[in-house]
Amino acid sequence: MAIDFLKYQAQTSPHPLAMKVSHAKGSYIYDEDNKAYLDFVAGVSACTLGHSHPKVVTAIKNQLDQYMHVMVYGEYIQEPAVELAKLLAKNLPNSLEKTYLTNSGTEAIEGALKLAKRATGRSQIISAKNAYHGNTMGAMSVMGFEERKRAFRPLIPNVDFITFNNEDELINITKKTACVILETIQGGAGFIEPKNHYLEKVRKRCDKVGALLILDEIQPGIGRTGKLFGFEHYNCVPDILVTGKGLGGGMPIGAFTASSKLMDLLKDNPKLGHITTFGGHPVIAAAALATLKEVTKSDLMARTLVKEQLIREHLVHPLILQIRGKGLMLAAITPSAEITNQLILGCQEEGLILFWLLFEPKAIRITPPLTISNEEIIKGCQIILSVLDKIQDNHSQSNH
């Protein structure tokens with residue numbers, strides 16, 4: 001199987017982890033030898049309720065019995081998609097009332113950028129350095145990491161970059177700016193939180209010059225930071241909200257949400273301003289609806305902040321310099337990329353799944369399912385500490 005995996009399936013890196021998955025349940029993934037791996041990554045923040053959550057599985061099975069794909073997006077009334085959009089609106093500020101469902105986060109970013117250009121008639125887009133918003137051409141154009149973009153140029157023109165948390169650069173947002181797009185908490189850059197009311201100040205500047213503010217909540221959204229959306233911590237409501245990953249509860253989804261006034265621009269002048277065949281797919285919308293109901297009706301969000309403190313209390317080690325992030329969107333920073341690599345690979349051998357971040361080589365991703373238990377958190381932290389002890393011992397021996 002490994003040979004076929006490498007031969008027939010396109011790869012994204014020279015050295016994939018290549019673990020053959022047998023099944024997954026709760027906080028664990030099992031390989032073909034039935035070895036259990038405690039999952040501290042949750043499919044890169046996607047499996048909000050862990051693996052094979054009974055409510056999500058039931059919703060999927062029930063919908064399969066009714067119908068699957070029947071018509072391109074937006075033509076027929078399909079209950080799961082309508083109910084999902086309605087529940088999102090119920091849990092969002094009044095100005096965020098209409099949702100367009102897509103197949104992925106990056107596709108939702110494309111739709112949001114198009115909507116901003118359509119609404120303002122302007123072309124300049126401002127993004128942040130070290131930003132990551134997805135990998136299609138529009139989303140890549142607003143990625144703030146040249147090394148990953150160079151091979152694919154030319155991309156969308158008239159994109160400029162500011163430094164996240166640098167207020168002095170907000171003057172670069174002008175009456176030529178269609179939109180500013182920011183991650184509420186920068187993901188690939190190392191889980192960087194906004195500081196000193198930064199997002200409020202961006203919001204004010206956008207209002208002053210008539211630019212729209214797009215907040216990318218693909219990672220922080222759906223309860224991961226202790227509130228349903230990360231922006232709720234920072235007193236800043238976007239004009240367009242983008243979500244994905246955790247909304248699907250393990251199924252592929254993206255969405256962008258705005259006011260009716262904005263969103264209605266996509267249906268005329270031109271008609272079909274943004275279209276998709278499979279967006280709002282009933283089976284996926286049913287899974288997302290079950291996920292969103294569980295997150296909003298349970299105490300999972302409140303417990304997320306307790307679990308964050310538990311991780312911070314237990315992950316104390318000379319080789320952990322700091323832990324960044326909020327809730328269960330955390331990144332432990334080690335002294336070097338080498339130590340980070342050794343830790344991630346060493347923990348996999350010991351039955352714990354960790355992962356890297358895109359642009360910060362010293363960071364270790366800790367984004368477990370929101371359903372992870374306190375006991376599982378402590379168990380995972382103990383594995384991390386024991387592997388770090390080994391790394392430390394090896395380093396001190398090699399230095400003598």
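The hydrophobic cluster of M1 has no other members, since no ILVMFWY side-chain heavy atom comes under 4.5 Å of it. Chaining together hydrophobic side chains whose heavy atoms lie under 4.5 Å apart places L6 alongside F5.
Heavy atoms of other residues, nucleotides or ligands lying less than 6.0 angstrom from NZ of K55 number 12 at most. Other residues, nucleotides and ligands place no more than 12 heavy atoms under 6.0 Å from the NZ atom of K362. Within a 6.0 Å radius of CD in E79, no more than 12 heavy atoms belonging to other residues, nucleotides or ligands are found. More than 12 heavy atoms of other residues, nucleotides or ligands shown are found within 6.0 angstrom of NZ on K195.
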Side chain to side chain contact (heavy atoms under 4.5 Å, CB included) between I384 and L343, intermediate numbers included: CA-CA 7 Å; I384 291 172; L343 179 61; 4.1 Å; yes

Is there a side chain to side chain contact (heavy atoms under 4.5 Å, CB included) between F191 and E360 once you walk through the steps? CA-CA 9 Å; F191 292 3; E360 175 45 87; over 6 Å; no

Please evaluate residues R205 and E169 with respect to the criterion salt bridge (Lys or Arg N to Asp or Glu O under 4.0 Å), reporting the C-alpha separation (whole Å), side-chain torsions for both, the decisive distance (0.1 Å), and the verdict. CA-CA 11 Å; R205 181 67 185 171; E169 295 181 15; over 6 Å; no

Run the numbers on Q186 and R324 for side chain to side chain contact (heavy atoms under 4.5 Å, CB included), then give the verdict. CA-CA 11 Å; Q186 280 203 307; R324 296 186 194 148; over 6 Å; no

Run I126 and I181 through side chain to side chain contact (heavy atoms under 4.5 Å, CB included) and show every step you take. CA-CA 6 Å; I126 290 182; I181 180 166; over 6 Å; no

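Rounding to the nearest 0.5 Å gives a distance of 6.0 Å between CG of L241 and CG of L96. Expressed to the nearest 0.5 Å, how far CD of E193 lies from CG of L199 amounts to 10.5 Å.
No side-chain heavy atom of L49 sits under 4.5 Å from any side-chain heavy atom of L370. V41 has its side chain out of reach of P368: every pair of non-hydrogen atoms, C-beta onward, lies at least 4.5 Å apart. Between L213 and C236 there is a side-chain heavy-atom pair separated by less than 4.5 Å. You'll find the side chain of V44 reaches within 4.5 Å of the side chain of K245, heavy atoms only. Side-chain contact between F40 and I364 is absent, with no heavy-atom pair separated by less than 4.5 Å. Inter-residue side-chain proximity for I218 and I109 is flagged as met; some heavy-atom pair is nearer than 4.5 Å. No side-chain heavy atom of I284 sits under 4.5 Å from any side-chain heavy atom of P80. Between T177 and T120 the shortest side-chain heavy-atom distance does not fall below 4.5 Å.
The minimum heavy-atom distance linking I214 with A116 is given by the pair CD1-CB, 4.3 Å. Contact detail for C381 and H314: the closest heavy-atom pair is CB-CB, 3.8 Å. Residues A288 and I253 come closest through the heavy atom pair CB-CD1, 3.7 Å. T243 and A108 get closest at one heavy-atom pair: O-CB, 4.2 Å. Looking at every heavy atom in both residues, K307 comes nearest to I372 through NZ-O, 2.7 Å. The nearest pair of heavy atoms linking S95 to V237 is OG-CG1, 3.7 Å.
Listed by first and then second residue, the ring-ring contact (aromatic ring centres under 6.0 Å, His included) pairs that reach into residues 198-218 are F164-Y198, sequence neighbours excluded. Each side-chain hydrogen bond (donor to acceptor under 3.5 Å, both in side chains) pair with one or both residues in residues 26-38, not counting sequence neighbours, appears once here: S27-E376, Y28-K379, D31-Y37. Residue pairs meeting the side-chain hydrogen bond (donor to acceptor under 3.5 Å, both in side chains) criterion with at least one member in residues 220-230, sequence neighbours excluded, are T225-H233. A ring-ring contact (aromatic ring centres under 6.0 Å, His included) check over residues 335-372, counting only residues at least two apart or in different chains, returns the pairs F145-F359. Annotation: side-chain hydrogen bond (donor to acceptor under 3.5 Å, both in side chains) contacts involving residues 60-72, sequence neighbours excluded, are absent.
Ion pairing of K25 with D39 is absent here, as no side-chain N (NZ or NE/NH1/NH2) approaches a carboxylate O to less than 4.0 Å.
Between the side chains of N91 and T296, no donor-acceptor pair is found at a separation under 3.5 Å. Residues R365 and S45 have side chains that bring a donor and an acceptor to within less than 3.5 angstrom of each other. Side-chain atoms of H317 and D389 form a donor-acceptor pair, as typed in the model, at a separation below 3.5 Å.
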Side-chain donor-acceptor distances from residues 327-335 under 3.5 Å, at least two apart:
| residue | atom | partner | partner atom | Å |
| --- | --- | --- | --- | --- |
| T334 | OG1 | S336 | N | 3.4 |
| T334 | OG1 | S336 | O | 2.8 |
| T334 | OG1 | T340 | OG1 | 2.8 |

Compile the donor-acceptor pairs under 3.5 Å between side chains in residues 136-143 and protein atoms, sequence neighbours left out, one pair per line.
| residue | atom | partner | partner atom | Å |
| --- | --- | --- | --- | --- |
| T136 | OG1 | T106 | OG1 | 2.7 |
| T136 | OG1 | E110 | OE2 | 2.5 |
| S141 | OG | M137 | O | 2.6 |
| S141 | OG | I156 | N | 2.9 |

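Every salt bridge (Lys or Arg N to Asp or Glu O under 4.0 Å) that E167 has, sequence neighbours left out, goes to K201. Not counting sequence neighbours, the partners of Y100 by the ring pair (Phe, Tyr, Trp, His ring centres under 6.0 Å) test are Y73, F256, H274. Residues that satisfy the side chain to side chain contact (heavy atoms under 4.5 Å, CB included) test with S52, not counting sequence neighbours, are V57.
Listed for the K117 side chain is no donor-acceptor partner under 3.5 Å among the backbone atoms of A178.
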